[in-house]
Undergrad: 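For reference, the structure I am asking about is given below.
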Amino acid sequence: MNKQFRHDASSKQFKLLQAGFKLILIALLFTFTACGGKTDNSPAESRLIIVGFDGMDPNLAQQWMDEGVLPNFSKLANMGGFHPLATSNPPQSPVAWSSFATGDSPGKHGIYDFLRRDAETYSPDFSISKTIPPENILNLFGLNLPLDEGQIINRRQGSPFWTDVEAQGARSTVIRVPVSYPPDPIHRMMAGMGVPDLLGTQGTYTLYTTRPVAAAGSSSTRVVRMRPNRSGHISTTLEGPIDPLREEPKPLSTPLLLDPAGKGAKIQLGDKSFELAVGEWSEWVRVEFDVLGPISVTGIVRVNLVAGYPRPQLYVSPINIDPEAPVVPISSPPEYAAELASRIGLFHTIGMPEETWSLNENHISDKAWLEMLKTNLDEREAMFFDAMDKNDSELLVGVFVQTDRVSHMFYRGIDELHPLYPETDELARGAIRWIYIEADRILGKVMEKMADNDQLIVLSDHGFAPFRWSVNVNRWLVDKGYLVLNSGKQESNIAFSDVDWSKSTAYALGLNGLYINRKGREAQGIVEDPEARVIKARLSKELPQWVFGDDQQSVIRQLFDGDVIYAGNANGDAPDLVIGYEPGFRASWQTTLGAAPKESIEANAKKWSGDHCITPEAVPGVLFTSFKPEQPISQIAQIAAYAREHVKRAKSE
Ligand SMILES: [Zn+2]
């Protein structure tokens, strides 16, 4: 069977339900268990255990090890070693974790950025997974029903080492490694970054409010205005996936009721009724969306009462796929998610569980956001140790992403030059140190549970740098004549809505990518090959000369040639040039989506205040080992080869 699970889906974000719907409708005719790995549950004699702490920075780790607050990291460093680990180019999590998994460069695994550009439309697209819609839609009595199965595929190419070691007779357990959706058919896997919410998006939360809220700056936010009656009662709905049985797109929904209560508010959602104090989180609440007769789809949410009566405000998390009744497989074997939930309780399933945007938009407080993150961390910890205690895999890999998320959102607490630094309180100033201490606590538990002949590797995919300035690269390209706007336009909205492609030669999209508007490749390309080389050379010279501010700070350290660093160009998505920003600078959110606003550089006054999508040499990750490897491991892509070799040798002994 194809290593990618085949099942129903369709391309637009809300249509994920069709997958669930049809899965239910055909009474689970697909037996995904056939894809699962071995059922041998005998104890592993020796294990290679790999633990990832996304975004852990070598300088911060060293600083806090020196202060003595990371005793387990210090202990591990003394056992084997500790040094910076060179990251991928660009140093973005999906790119680096794909190199980790396959041992390949991006030119071979085909993941170059969080975002790829659709050369047909010049619009941004999620680069990690894609859904291919069912081709035949039966339109019957006004209802759209998918006839054949669509497909969800992981765009990463190449073979991950956990699959390769299974071919050598070993067993692999992989817990929440980024870019592992759909799950690989191995002994045991819980998919990580890439798993969507029930709407098919990467995380859409809902803010219910009685107050005016500035228009949401992101499509990941839904703002719903509520109107209490005289007694304060509010009756509204939580919208779910699109109803697959209607021609006109209309979401399924479930009632949401709110009333004043002693503690703060009484909330009724689904079949659960509970009270919350202001700032308090609910447990996971199961929500059900009725499709037809007995057919329904369930998801799980957590609710936070952001503000109380008389002007209540309520935050509802993205609707996570229900691990006990997943509409698409999120684990391998598929029943593993439900089994795990029966042991550790309901848990987040979405690939990127921390809705950083809700904090960026000040829709929830620092404290509430950190509490949510702590719950996610606890759930991952429970998943990881459930697998470690089972002790039935020669290879165990788990990744904790919370170190990265806290660093993104709370760098303003350690960077005195960030615009928000003066406003940060004690909680914000201590947040990154706190999450490193949490990582140390988890590491301590891993080391305690290790057997004598187990080996341990702890790594991060990249480090961190301040993010003080947002760089509008497309503005620069407009000012220099590379990108030409439609006549009369001074700026362009996202997806290059106001760009005249018949006169444009280069454009920026994603966090680091720069593309030439090539004839025969881009839908409206004009640049022939020889000229493309000239334009690339000019950009590589001019962009690093860009200086900013009174002190003439350099904005960009280096440009990398895609033809050189991405030989092979798997997926055909490789950018022509990769921008290596200086620390302190990063592509603006506008740039990532293909907009060209008025200013070329703007102060970053958002809480998302630390980043790593800059020149790779400035943000290496960390590597700790419990042993001294024969061949030094200096680059993240070298771990796969070590794992393959180690397991092979262990098998032959
Ligand atoms: Zn990150």
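Bear in mind that the values here come from a model prediction, so they are computed numbers and not experimental data. Basis for what follows: all heavy atoms, side chains included, without hydrogens, waters or symmetry-related copies. Both ligands and their constituent atoms are indexed starting at 1 by order of listing.
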Undergrad: The Zn ion (ligand 1) and Asp404: any N/O/S contact shorter than 2.8 Å?
TA: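 Asp404 does place an N, O or S atom closer than 2.8 Å to the Zn ion (ligand 1).
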Undergrad: Any N/O/S of His408 under 2.8 Å from the Zn ion (ligand 1)?
TA: yes
Undergrad: Short check: any N/O/S atom of Cys613 below 2.8 Å from the Zn ion (ligand 1)?
TA: no
Undergrad: Under 4.5 Å between any side-chain heavy atoms of Ser172 and Arg188, yes or no?
TA: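 Not touching, per the 4.5 Å side-chain cut-off.
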Undergrad: Counting only heavy atoms not in Glu426, do more than 12 sit closer than 6.0 Å to its CD atom?
TA: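 Atom CD in Glu426 is not crowded, with 12 or fewer foreign heavy atoms closer than 6.0 Å.
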Undergrad: On the six-membered ring of Tyr421, is Arg429 placed so that its NZ or CZ lies under 6.0 angstrom from the centre and within 45° of the ring axis?
TA: yes
Undergrad: Please name the atom of His612, limited to N, O or S, that comes nearest to the Zn ion (ligand 1).
TA: NE2
Undergrad: Are Lys607 and Phe410 in a cation-pi contact, defined as NZ or CZ under 6.0 Å from the six-membered ring centre and within 45° of the axis?
TA: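 Output no; distance or angle outside limits.
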